[in-house]
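Below: the structure, in structure tokens.
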Amino acid sequence: MSSFTPYRSSQRAGQDRFPQLLRAEWTKFRSTRGWVLTMAASVLVTVSLGLLIAGGARSTCATWKGEGPCPAPLVGPDGTAVKDTYYFVHQPLKGNGSITARVSDMTGQMRMPDAVPGVRNVKEGVVPWAKAGLLVRQSLTQGTPYAAVMITGSHGVRMQHNFTHDVAGGPVKGPLWLRLTRSGDTLTGYESGDGKTWTEVSTVKLTGLPETVEIGLFATSPGVLWEMAKAFAQATATFDQITLQGANGSWRRDDVGVSLGPDGKTLHHPGGVVESGDKLIVTGGGDIGPATVEGGLRADLMLIGGAVGLILVLVVAVLFFTAEHRQGLIGTGLPAEPHPARLLAAKAVVVGAVAFVAGLVTSGVVVPVGLAMLRANQNPIQPITLGTELRVIVGYAALTAAAAVLALGLAALVKRGIVAIGLAIALVVVPYPLAIAGLAPWLLMITPAAGFAITQSVPAFAHVDVDLSLLGGYYPLPPWAGLTVTCGYAALALAMAIAVHRRKAADLDERGPRRRPA
């Protein structure tokens, strides 16, 4: 059982110097061995779970010859892991020019779960981000710069470039004309409902674009999503009324990025093109876009045990208030007692600072060491910049500090340790495992658990469908927005607690000072 020495001041209430309070509260915290050991245990638990995951991870990729190490992720112009597989009907374009075509329709095929075991269940239809349209790219080498204007399965017209950039155009209602122009490094996409009146979708600049590029028609389709996995899907688009300016050669046909079958020669799920009069019917599968799941293991997985470690931090933060409250050392109205607003603020600074250091040690160890272990075991790793890694490390420390302040504020409001601990865990911890399981991910938008978004190491892209689970890399809020939600809850809880205790102190002052019983 912990013992405490009541705070004594030679000044009247309301005149306490804040640095003195901080020093007293810090001395109180570090003198209580149980709290210090519990904080250390929170670090040990999170680091141990993260390194256990890193040490046990063995990513293998299936080939027709069996399973083996996965290749390093394909990287786009800005360093993001990307997918770059599609069917391309194209010509070389030297200098400036353009391509115009009408996309009269888009159909497709999707493999659904087998209704009869062993019998492939392929149905007609297109996935939401199936794509077909006009494409200009530096070369056929995967991962090189490009720009495209396209129709999609369910997201209307889009202008995309360099895998990570996406601009929405209008809806797709029946046949639609598309146009893509090149002027130096500048590419502009247009759409039209009649081929006469044109609306600009977007303009992009691909710095360093060579004089000769590839220009043409493409079709591709990401797989249909089955929970955490994707199955085969293809898209087929019919192009007609095709006109080219600046290029007048013969069409070339390339199934870019397609994999090979068991014999090492036959294409697996090949695309293709059928010429019918002035029509080109293009079929392709794959995707041109970010690889949010297929790009490798993510750094934030190293902190997946953070929710368990936070439980211990929340317990300490609650006890930091309730242990003294139970002994009648807070809220007595005695002249020697510090002003409640100053006292709670001092406690918040101390417990927040301790929690920040604990979180910083935790993430500062488990993230870099865990990533090193993953690489040593030949696992593909999602590319991560130094800036992003630092944001994950420092951000987790900030989340830990905000959660501790929130728990302290809740303890000061309810004044019952068990209730405050249960409430803090329900708000900060419980939504996290639910989100990992893909259940109620929206809780990470409206609860203090939103702060876990600060550990997101792979950006979320609106033009990529992912499983709504943390394991799939889905966070409903951007990193700093999520942390802001948690900090907002902490500030609100602390402000409410200060207001309640200030009102209580004012009531006691009206009744006159009391003496502590002997």
Provide the closest heavy-atom pair for [X] versus [Y] in the form atom of the first, atom of the second, distance.
| X | Y | result |
| --- | --- | --- |
| Leu443 | Leu434 | CD1-CD1, 3.9 Å |
| Thr486 | Ala403 | CG2-N, 4.5 Å |
| Leu297 | Ala57 | CD1-CB, 4.0 Å |
| Pro459 | Gln456 | C-NE2, 3.7 Å |
| Val47 | Thr362 | CG2-O, 3.8 Å |
| Glu124 | Gly108 | OE1-O, 3.2 Å |

How far does [atom1] of [X] sit from [atom2] of [Y], to the nearest 0.5 angstrom?
| X | Y | atom1 | atom2 | result |
| --- | --- | --- | --- | --- |
| Leu374 | Leu301 | CG | CG | 8.0 Å |
| Thr85 | Ile288 | OG1 | CD1 | 8.5 Å |
| Leu22 | Arg17 | CG | CZ | 14.0 Å |
| Tyr396 | Leu483 | OH | CG | 12.5 Å |
| Ile454 | Leu399 | CD1 | CG | 8.5 Å |
| Met496 | Leu413 | CE | CG | 5.5 Å |

Parallel under 30°, tilted from 30 to 60°, perpendicular over 60°: which one fits the rings of Phe461 and His463?
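Ring orientation, 0 to 90° scale: perpendicular.
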
Is the side chain of [X] donor-acceptor paired with the backbone N or O of [Y] at a distance under 3.5 Å, no angle test?
| X | Y | answer |
| --- | --- | --- |
| Gln142 | Asp84 | yes |
| Thr80 | Gly76 | no |
| Ser363 | Ile393 | yes |
| Glu191 | Gly170 | yes |
| Thr388 | Ile384 | no |
| Gln109 | Val126 | no |
| Gln382 | Thr292 | yes |
| Arg111 | Gly223 | no |

Side chain to side chain, [X] and [Y], heavy atoms closer than 4.5 Å:
| X | Y | answer |
| --- | --- | --- |
| Leu427 | Leu423 | yes |
| Arg342 | Gln20 | no |
| Asp465 | Val127 | no |
| Pro383 | Pro73 | yes |
| Val428 | Tyr489 | no |
| Leu470 | Tyr432 | yes |
| Glu389 | Val367 | yes |
| Val318 | Leu408 | no |

For Val354, the option from Trp26, Trp35, Phe320 that meets side-chain contact (heavy atoms from CB on, under 4.5 Å):
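Answer after filtering Trp26, Trp35, Phe320: Trp26.
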
Among side-chain atoms of [X] and [Y], is any donor-acceptor pair under 3.5 angstrom?
| X | Y | value |
| --- | --- | --- |
| Ser457 | Asp300 | yes |
| His155 | Trp129 | yes |
| Thr164 | Asp78 | yes |

Would you say CZ of Arg416 has more than 12 non-hydrogen atoms from neighbouring residues, nucleotides or ligands within 6.0 angstrom?
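No, because the 6.0 Å sphere around CZ of Arg416 holds 12 heavy atoms or fewer from other groups.
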
Counting only heavy atoms from other residues, nucleotides and ligands, does the tally under 6.0 Å from CD of Glu200 exceed 12?
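Counting neighbours around CD of Glu200, more than 12 heavy atoms of other residues, nucleotides or ligands fall under 6.0 Å, so yes.
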
Using the ring centroid of each side chain, check whether Phe163 and Tyr146 are separated by less than 6.0 Å.
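Yes, close enough.
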
Sub-6.0 Å ring centroid separation between Tyr475 and Phe452:
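Ring centres of Phe452 and Tyr475 not closer than 6.0 Å.
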
Validate the cation-pi geometry between Lys131 and Tyr86: distance from NZ or CZ to the six-membered ring centre under 6.0 Å, angle to the ring axis within 45°.
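Pair Lys131/Tyr86 does not count as cation-pi.
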
